Amino acid sequence: MKGDRPVPDTHASSTTLRLTVTRGRVALIPLYVPLCIAAFFFVLPFLWMLSGAFKDPGEVTAFPPRFWPSHIDGRNFSTAAAGVSMWRYFGNSLFIAVVSTVGTLLSSSLTAFAFAHLRSRARGPLFAVLLATLMLPPFITLIPSYAIYQQLGWLDTYLPLTVPSFLGVGCAFYIFLLRQFFLGIPKELFEAARIDGAGRLRQYASIALPLAKPALSSWWAPSSRRM
């Protein structure tokens, strides 16, 4: 009939789409092959350590080295657990990592929010001083920190490993990262909250912190690993 529209060929469209997807995957092969090779060499030390855990002591030091153990021996794990307080070490690491990470989250996000949204003449110079601390090697503050902890009576306790994270010690990079993220949040959200009577802490807890989940998750692993 006159005026009828032509019916699109769905079969041809789907075939073209499949060809496009296939060509895209083929084009990624030169990229994935070197990445897989590099990933293998990165994983190889872990696999060697895992295989060595099931070897006899003689097989670990044998030359030429053998990757696969001649037989699976699980006595290494029981010997290691009986020789040291493994669960105490694990508990210490878990406690320090969790507490210090929570402290770093709170102190860094609060400080970053202040640098991003609180107006003050000293904000710029203070932020410059904060960034300058990134150039200080941690070894410079090692002995002074030890002296301070000794004067406070914190030696042989969990306090030196947990309390500084709540004070923002060593968190300059995380503060910088979160400040840049907070500056990207539209100001209209905070202005609307201010009109509704929300104070700065309420804006931080109800707007800034929930929206900063991607930024917080980006440094969760490194902050816990450095402990």
Side-chain angles (χ1 to χ4, degrees), residues 42 45-46 49 53 76-77 79-183 199-206 208-227:
F42 275 102
F46 173 76
M49 178 188 68
N76 296 330
F77 295 96
T79 303
V84 295
S85 302
M86 187 66 66
W87 291 111
R88 177 61 184 273
Y89 298 160
F90 177 77
N92 289 342
S93 300
L94 181 63
F95 173 78
I96 294 171
V98 171
V99 174
S100 61
T101 300
V102 172
T104 303
L105 182 150
L106 293 176
S107 61
S108 299
S109 57
L110 276 171
T111 308
F113 182 79
F115 277 124
H117 294 287
L118 295 185
R119 302 304 176 194
S120 174
R121 293 182 178 179
R123 185 180 64 171
L126 288 177
F127 189 68
V129 172
L130 175 71
L131 294 181
T133 61
L134 292 173
M135 296 183 290
L136 292 177
F139 307 105
I140 294 179
T141 60
L142 185 62
I143 296 178
S145 298
Y146 179 84
I148 293 174
Y149 299 147
Q150 186 179 28
Q151 292 295 326
L152 294 174
W154 287 6
L155 298 183
D156 297 327
T157 66
Y158 294 110
L159 298 178
L161 301 175
T162 55
V163 173
S165 62
F166 287 89
L167 303 178
V169 177
C171 302
F173 174 75
Y174 306 127
I175 294 172
F176 169 76
L177 177 66
L178 287 173
R179 174 186 176 271
Q180 300 306 115
F181 186 89
F182 288 149
L183 288 176
R200 290 297 187 182
L201 288 178
R202 182 62 183 275
Q203 296 173 25
Y204 160 78
S206 301
L209 201 58
L211 292 176
K213 289 180 180 178
L216 296 175
S217 62
S218 67
W219 56 259
W220 175 277
S223 65
S224 61
R225 185 175 62 248
R226 69 186 175 90
M227 297 299 163

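These figures come from a predicted structure and were not determined experimentally.
Of all heavy-atom pairs between Ser108 and Cys171, the closest is OG-CB, 3.3 Å. Nearest heavy-atom pair, Leu106 versus Phe166, reported as atom, atom and distance to 0.1 Å: CD1-CE2, 4.3 Å. Closest of all the heavy-atom pairs between Arg200 and His117 is NH2-O, 3.5 Å.
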What side-chain donor-acceptor pairs closer than 3.5 Å can you find for residues 122-146, not counting sequence neighbours?
from	atom 1	to	atom 2	distance (Å)
Arg123	NH1	Phe115	O	3.2
Arg123	NH1	Leu118	O	3.3
Thr133	OG1	Leu130	O	2.4
Thr141	OG1	Pro138	O	3.1
Ser145	OG	Thr141	O	2.6

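A donor-acceptor pair shorter than 3.5 Å cannot be found between the side chains of Tyr174 and Ser109.
One finds the CD atom of Gln203 at 13.5 Å from the CG atom of Leu209 (value rounded to the nearest 0.5 Å). With values rounded to the nearest 0.5 angstrom, Leu105 atom CG is found 11.0 Å from Ser100 atom OG.
Contact check for Pro160 versus Thr157: side-chain heavy atoms found under the 4.5 Å cut-off. Contact annotation: the side chain of Ile148 never approaches that of Trp154 to less than 4.5 Å [non-hydrogen atoms, C-beta and beyond]. Contact check for Pro164 versus Tyr149: side-chain heavy atoms found under the 4.5 Å cut-off. At a threshold of 4.5 Å between non-hydrogen side-chain atoms, the residues Leu178 and Leu216 count as touching.
Partners of Ala208 by side-chain contact (heavy atoms from CB on, under 4.5 Å), not counting sequence neighbours, listed by chain and number: Phe113, Phe182, Phe190.
Counting only distance, with no hydrogens or angles, the side chain of Thr162 and the backbone of Ile96 share no donor-acceptor pair below 3.5 Å.
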